[in-house]
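FYI, the numbering just counts along the sequence from 1. First listed ligand is number 1; within each ligand, the first listed atom is number 1. These numbers were taken from a predicted model, which means no experiment stands behind them.
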Amino acid sequence: MPTSEQPSPIVRQKLPPNIEFPFASLSDWLIPTDLFFVRNHFTSPDLNPREWKLRVDGAVERPIELDLASIKAMRSTTLPAVVECAGNGRIYYVPQKEGLQWQNGAVGNARWTGVLLREILEMAGVKPSAREVLLVGADSGVVDANKKTASPGPIAFARSLPLEKAMAQSAILAYSMNEEPLTRDHGYPLRAVVGGWFGMAWVKWITHITVVEQPFLGYWQARDYFRWERSVGEPKLVQLTEMEVKAQIARPVEGARLIVGQPYRIFDATWSGETAVRQVQVCTGDGRGWREGRLLETERSFAWRLWEYMWTPEEVGQHILRCRATDGAGRVQPDVPCSDCESYAANWIIPVEVTVVPEPQTYEQEFVI
Ligand SMILES: Nc1nc2c(c(=O)[nH]1)N[C@H]1C(S)=C(S)[C@@H](COP(=O)(O)O)O[C@H]1N2
Ligand SMILES: [Mo]
């Protein structure tokens, strides 16, 4: 997009800071840290790296405590990965759903460096009875009283991962984002990176890891971040984990005016959960059906892919643009909202309406009689 303006983040909430990436300004595969979305349930803790320690206990052979220097001295792993807040796109739900009204930008792709969670767990020695790995953040507070399920007192932000995912190559404890130390809002000094999973699993400001033998049923695991599933007949609640397949047009934006006969680059990013996106298709509403978008990067597990489609509008008037992604597991973006997703995981196709206008007349043309 040929703009001279500097993109600026969209503040969805001042305190604690909840900030959206201005998705229409998307240009690079990696989102610069100062534009990266921020999702905080509580005030970001300001942790002193000299005092900070990571405690690992629970169902382990040897409880351990590690300081930052010893974690950084371990073998490092880098994973470019996309993180999407489960509430991204909530604004598109009709009627409106309670919660922060994220548009398209509660998502971002960054390069994360740290150590495999597996290696830390192996240092402590996971007992055979282990079932989940609970990650606890240093932030805490009373859960929003507007929600009917307010907490009885301050509770820490904590989430568990099934042991299998905790041991996977996609589960990292990261101290660096885009080659710089994490910033305070992104979890300094250490956060979880859980490739393929929605953001709530990516616990920031981690100070404590407990290996548990029973499913953890804390607030953000058992009272929030759910959707309904009807596969067993009666609807039952299932926890949100993997991200859904998604592509959403960054440009043109809703209401844009394009000039007839002039090529325009439809541009966006696309991502999914455990399996990468294979195909993006575009429909420009001129009766030519779905056509193939061009994916710009090679497929890479857990990162997003930018894509484009060159479109030359042939007719003046309103046009509805749509795109849809398909991932390697065969999941396709749906046409309609998921009625069972509470206020989460919005991945249905969001049409973008643009106006195609005639070529502007030049001075000479106007005066030729
Ligand atoms: N400790 C802690 N970790 C957290 C959160 C939080 O409030 N506290 N928010 C989670 C949610 S809901 C999301 S979407 C991601 C967002 O990560 P970011 O702020 O670095 O973009 O962090 C997750 N990790
Ligand atoms: Mo989130």
Side-chain angles (χ1 to χ4, degrees), residues 9-13 15-21 23 30-47 52 54 81-90 97 99-102 104-112 114 134-144 147 151 154-161 171-178 180-209 218-221 223-227 239-244 271 304 341-346:
I10 305 158
V11 178
R12 294 277 170 221
Q13 189 179 350
L15 280 173
N18 278 289
I19 297 166
E20 179 162 345
F21 166 67
F23 201 69
L30 295 174
I31 300 294
T33 305
D34 58 349
L35 284 178
F36 207 93
F37 86 97
V38 173
R39 172 68 182 108
N40 289 336
H41 288 84
F42 307 121
T43 311
S44 328
D46 190 6
L47 301 176
W52 179 91
L54 174 67
V82 54
V83 52
E84 182 183 24
C85 180
N88 193 30
R90 179 175 291 131
K97 303 249 178 167
L100 293 166
Q101 295 301 300
W102 303 109
N104 296 339
V107 61
N109 194 55
R111 199 188 297 278
W112 311 94
L134 176 60
L135 309 174
V136 186
D139 54 332
S140 65
V142 176
V143 175
D144 196 342
K147 294 199 175 175
S151 61
I155 49 173
F157 186 86
R159 288 268 317 182
S160 71
L161 293 173
I172 289 170
L173 297 179
Y175 42 76
S176 148
M177 174 181 188
N178 296 331
E180 300 279 347
L182 287 174
T183 59
R184 178 171 163 187
D185 270 331
H186 293 296
Y188 181 82
L190 196 73
R191 77 165 311 160
V193 164
V194 188
W197 284 36
F198 279 120
M200 74 277 145
W202 297 47
V203 179
K204 302 191 274 191
W205 311 290
I206 293 186
T207 49
H208 185 195
I209 296 178
Y219 184 88
W220 289 276
Q221 199 95 32
R223 286 206 152 179
D224 201 353
Y225 297 118
F226 269 89
R227 64 180 173 79
Q239 296 178 11
L240 293 176
T241 55
E242 218 188 324
M243 290 182 283
E244 299 288 338
W271 62 93
W304 73 14
C341 292
E342 299 274 293
S343 67
Y344 291 120

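Here the options are Thr183, Asn178, Asp185, the test is side chain to side chain donor-acceptor pair (under 3.5 Å), and the partner is Thr33; only Asn178 passes. Each of Leu182, Val203, Leu135 was checked for a side-chain contact (heavy atoms from CB on, under 4.5 Å) with Arg191, and the lone residue meeting it is Leu182.
Listed by number with element, the atoms of ligand 1 under 4.0 angstrom from any heavy atom of Asn40 are 7 (O). If you number the atoms of ligand 1 from 1 as listed, the ones under 4.0 Å from a heavy atom of Val38 come out as 19 (O). Each of the following atoms of ligand 1 lies closer than 4.0 Å to a heavy atom of Cys85: 14 (S).
The minimum heavy-atom distance between Ala201 and Val194, with the atom names listed, is O-CG2, 3.4 Å. Looking at every heavy atom in both residues, Ala192 comes nearest to Ile206 through N-CD1, 3.7 Å. Contact detail for Ala345 and Glu244: the closest heavy-atom pair is CB-CG, 4.1 Å.
For the pair Trp202 and ligand 1, the shortest N or O to N or O distance falls below 3.5 Å. The N/O atoms of Phe37, backbone and side chain alike, include one that comes under 3.5 Å of an N/O atom in ligand 1. Considering backbone and side-chain atoms alike, Glu84 places every N or O at 3.5 Å or more from each N or O of ligand 1. By the 3.5 Å distance cut-off applied to N or O atoms, His186 is counted among the residues near ligand 1.
Atom 9 (N) of ligand 1 has as its closest protein heavy atom Arg39 O, 3.2 Å. Ranking protein heavy atoms by distance to atom 15 (C) of ligand 1, first place goes to Gly199 O, 3.4 Å. For atom 8 (N) of ligand 1, the nearest protein heavy atom (residue, atom name, distance) is Asp139 OD2, 2.6 Å. Summary of contacts: the protein heavy atom closest to atom 3 (N) of ligand 1 is Lys204 N, 2.8 Å. Nearest protein heavy-atom neighbour of atom 17 (O) of ligand 1: Arg191 NH2, 3.1 Å. For atom 12 (S) of ligand 1, the closest non-hydrogen atom on the protein side is Tyr225 OH, 3.2 Å.
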Practice item. Quick one: do Ser44 and Arg184 satisfy side chain to side chain donor-acceptor pair (under 3.5 Å)? Show the steps, please. Key: CA-CA 7 Å; Ser44 328; Arg184 178 171 163 187; 4.5 Å; no

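Ring planes of Trp220 and His41: perpendicular class, angle over 60° (limits at 30 and 60°).
The proximity of Phe36 to ligand 1, defined as any non-hydrogen pair under 4.0 Å, is limited to the side chain.
If you look at Trp197 and Tyr225, their ring centroids are not closer than 6.0 Å.
Rounding to the nearest 0.5 Å places CZ of Arg12 at 4.0 Å from CD of Glu20.
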